[in-house]
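Here is the structure we will look at.
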Amino acid sequence: MPQANASAPADFIREIIDEHIRTNRFQSRVATRFPPEPNGYLHIGHAKSICLNFGIAAQYGGTCNLRMDDTDPTGESQEYVDSIIGDVKWLGFDWEDRLYYASDYYEKLYQFAVQLIKIGKAYVCSLSANEIREYRGTLTEPGKESPFRNRSVEESLDLFKRMRAGEFKEGTHVLRAKIDMASPNITMRDPIMYRIRYEPHYRTNNKWCIYPMYDFAHCLSDSLEKITHSICTLEFENNRPLYDWFLDALELESHPQQIEFARLNLSYTVLSKRRLIELVENGNVGGWDDPRMPTLAGLRRRGCTPEAIRSFCERIGVAKNDSTIDMALLEYCIREDMNERAPRVMAVLRPLRVVIDNYPEGQIEEFDCPYHPQNADMGSRKVPFSRILYIEQEDFMEKPPKKFYRLAPDKEVRLRYGYFVKCVNVVKDPNTGEVTEVHCTYDPETRSGFAPDGRKVDATIHWVSAEHSVPAEVRLYDRLFSVANPLEAGSDYVGHLNSKSLEILRTCRVEPSLKGVAPGSRFQFERVGYFCVDPVDSSDQDLVFNRTVTLRDTWAKISEKERR
RNA sequence: UGGGGCGUCGUCAAGUGGUAAGACACAAGACUUUGGAUCUUGUAUCCCAGGUUCGAAUCCUGGCGCCCCAGCCA
């Protein structure tokens, strides 16, 4: 398990824990948990919580449990459980043998409910859903007490037993806590503890037809697991009094401290399970693991490493301010990580044919090219060079603007790890005027990239040998949404989907060393970006690369500025 | 016109009465066989208004703004 380093940021949660340790609350124990509901895939917002909970446990020598908060059979499934387990593991965290399920506590939870009825703190209410809503009051008006509120303990006990036995239809009865219908905190207005639902649960199947609500189940699950710090997001702040109320009413010894922090928002994407499900179900993306998705599955398929995501989670901090992190920070973390680990390799995404007029026909040379400019330990590979090459279309301009350093008529550039070449002629499509082939001469004295006479070139460009390179498909991914805050103006966030979030290039040529690379392996295509062999669609016969993130592109900024 | 939370650089975020850390972004420059990487440099008086104090982002008072809560979701 990754250890929190000594310089781990001291956020307000850690301050609270330090205080608890100082005052010997919880006997200096620290026990946290990550409690997802298995009704969707984990996203990077969950990663923040995972890193927080597991990170704190590691830092304080405590434990962190993984618990499926599966109290609502609707939408929950084993598929999601499996994905959650895989994702947390992939992120690099270990819950050892502490994988728990709220559904395993159903019987105990039922007994707790019975106990609350017996001490007069819970009752079966037979109002309809609509009536319950009406009786609840509004934000500014107090609620009214249910006519069933003072039902006898015996009657509630009997009814509750029969609810469990399946004697009633859905919606006819619920179990409620007897608190205060006039509370200014709506959460405390006799909250529902159990509802009837004739829906098979993915784990308990048809054993139960009553299911506990979050507020009732969560605090008790925490207590049963002897959690000390129950960390959740800000929207549960209103629920904290209720969290405490149940534990106090049952006089439980294990009474965790709930602490709330601000959930993660990321620009140019959405991070709510509901919307992510919509994107998947509407077919706006290819699935939960579509590389454009902010899900852990999507980020993984795109090529992100767990290290990059953990680094991101450390950098963003933990506080109570509503905040939106700039996507640029995530991209930075990915580049930072990739820069160190990705072998450099050459690939031409949009090929332009180059003929070296004075290079002997049929001659082939092999250049030894290091995999990493700053790390010789990563070794090198041989890259073949020949008379006909491909370069990137955008690396040649017939009429270059002032600051364009690359190849142009009469201009000399260096081919990476190869020779200096000078453009002497172009061939154009007679109909479109488009340049279809560039003719160059090379200087044999400049082999491996240096001129003995000391002359310099403005640019170094990448290339592949036409004959030796291998074809590949490259998928260029970009931000999912075209605006920073897709949710800003109401609900038409789908309208802000970035139509250019995926561009598929099918005529790419990559250097021959890439033949047979393992799915999931990551590379830097020099001067282009970081790429990952698609773990799903790539094969030895058909190479498919996903762009994880571009390189920082100063030229793009300059040319953008010039255009304005 | 209820209750709960939050307001420090474009975006995050330290700061806990002693004179505004850091990161990303941005800008300028150095270096460079990736217009990459790296390195230097630059950029805020703290939502507003009063008050307390020798001294306030930090304390007090009053405003203003934003978020959450009226699921038999979590």
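Just so it is clear, the structure is predicted and the values come from calculations on it, not from any experiment. Proteins get letters first, then strands, A, B, ... in listed order; numbering begins at 1 in each.
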Practice item. Report the C-alpha separation of A/Arg203 and A/Gln78 in whole Å, then their side-chain angles, then the decisive distance to 0.1 Å, and conclude whether the side chain to side chain donor-acceptor pair (under 3.5 Å) test is met. Key: CA-CA 8 Å; A/Arg203 293 189 86 236; A/Gln78 188 60 42; 5.0 Å; no

Practice item. Determine, for A/Glu278 against A/Arg274, whether the closest basic-nitrogen to carboxylate-oxygen distance falls under 4.0 angstrom. Key: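 Salt bridge flag = yes for A/Arg274 with A/Glu278.
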
Check your understanding: Looking at A/Asp443 and A/Arg455, does any basic side-chain N land under 4.0 Å from a carboxylate oxygen?
Key ->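 Counted as a salt bridge, because a side-chain N and a carboxylate O are separated by less than 4.0 Å.
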
So, is [X] near the phosphate of [N], with a side-chain N or O under 4.0 Å from OP1 or OP2?
| X | N | result |
| --- | --- | --- |
| A/Arg527 | B/rG35 | yes |
| A/Ser323 | B/rU11 | no |
| A/Arg133 | B/rC72 | no |
| A/Arg344 | B/rA37 | no |

Practice item. Using only heavy-atom distances, determine whether the side chains of A/Glu392 and A/His462 contain a donor-acceptor pair under 3.5 Å. Key: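 A/Glu392 vs A/His462: donor-acceptor pair found between side chains.
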
Check your understanding: Does A/Tyr405 lie flat on the base of B/rG35, that is, centres under 5.5 Å apart and planes under 30° off?
Key ->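 Yes, A/Tyr405 stacks on the base of B/rG35.
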
**Study point:** Centroid under 5.5 Å and tilt under 30°, A/Tyr214 to B/rA74
**Key:**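 Here the ring of A/Tyr214 and the base of B/rA74 are not stacked, as the 5.5 Å and 30° limits are not both satisfied.
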
In this structure, how many angstroms lie between the [atom2] atom of [N] and the [atom1] atom of [X], rounded?
| X | N | atom1 | atom2 | value |
| --- | --- | --- | --- | --- |
| A/Glu235 | B/rA70 | CD | P | 11 Å |
| A/Glu392 | B/rG36 | CD | C1' | 15 Å |
| A/Met193 | B/rA74 | CE | P | 14 Å |
| A/Gln374 | B/rC39 | CD | C1' | 13 Å |
| A/Ile334 | B/rA37 | CD1 | P | 15 Å |
| A/Phe236 | B/rC69 | CZ | P | 10 Å |
| A/Asp190 | B/rC72 | CG | P | 12 Å |

Practice item. Kindly write out the residues that satisfy ring pair (Phe, Tyr, Trp, His ring centres under 6.0 Å) with A/Tyr442, not counting sequence neighbours, or none if the list is empty. Key: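 A/Tyr442 satisfies ring pair (Phe, Tyr, Trp, His ring centres under 6.0 Å) with A/Tyr359, A/Tyr419 once adjacent residues are dropped.
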
Let's test this: given Watson-Crick or G-U wobble pairing with both distances under 3.5 Å, identify the partner of [N].
| N | answer |
| --- | --- |
| B/rA13 | none |
| B/rG2 | B/rC69 |
| B/rG35 | none |
| B/rC59 | B/rG51 |
| B/rU19 | none |
| B/rA74 | none |

Review point. A/Lys456 or A/Phe12: which one's nearest nucleotide on RNA chain B is closer to the 5' end?
Key: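 Result: A/Phe12.
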
Point to revise | First encountered from the 5' end of RNA chain B, between A/Arg195 and A/Arg447 | key: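 Counting from the 5' end, the first nearest nucleotide belongs to A/Arg447.
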
Practice item. Return yes if the base of B/rU34 and the side-chain atoms of A/Gln524 contain a donor-acceptor N/O pair under 3.5 Å, otherwise no. Key: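 Yes, the side chain and the base share a sub-3.5 Å donor-acceptor pair.
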
Give one of base, sugar-phosphate or nothing for [X], where a contact means two heavy atoms less than 4.0 Å apart.
| X | answer |
| --- | --- |
| A/Glu15 | base |
| A/Asn39 | nothing |
| A/Arg136 | sugar-phosphate |

Classify the ring geometry of [X] against [Y]: parallel below 30°, tilted from 30° to 60°, perpendicular beyond 60°.
| X | Y | result |
| --- | --- | --- |
| A/Phe385 | A/Phe367 | tilted |
| A/Phe216 | A/Phe246 | perpendicular |
| A/Tyr243 | A/His218 | tilted |

Study note, to complete from the structure: The contact string for nucleotides 1-9 of chain B, one letter per nucleotide 5' to 3', using protein heavy atoms under 4.0 Å with B, S and - for base, sugar-phosphate only and none, comes out as -BBSSSS--

Practice item. Mind jotting down which residue pairs meet the side chain to side chain donor-acceptor pair (under 3.5 Å) criterion with at least one end in residues 179-196 of chain A? Sequence neighbours excluded, please. Key: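 Checked against side chain to side chain donor-acceptor pair (under 3.5 Å) - neighbours excluded - the pairs reaching residues 179-196 of chain A are A/Tyr123-A/Asp190, A/Arg149-A/Asp190, A/Asn185-A/Thr187.
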
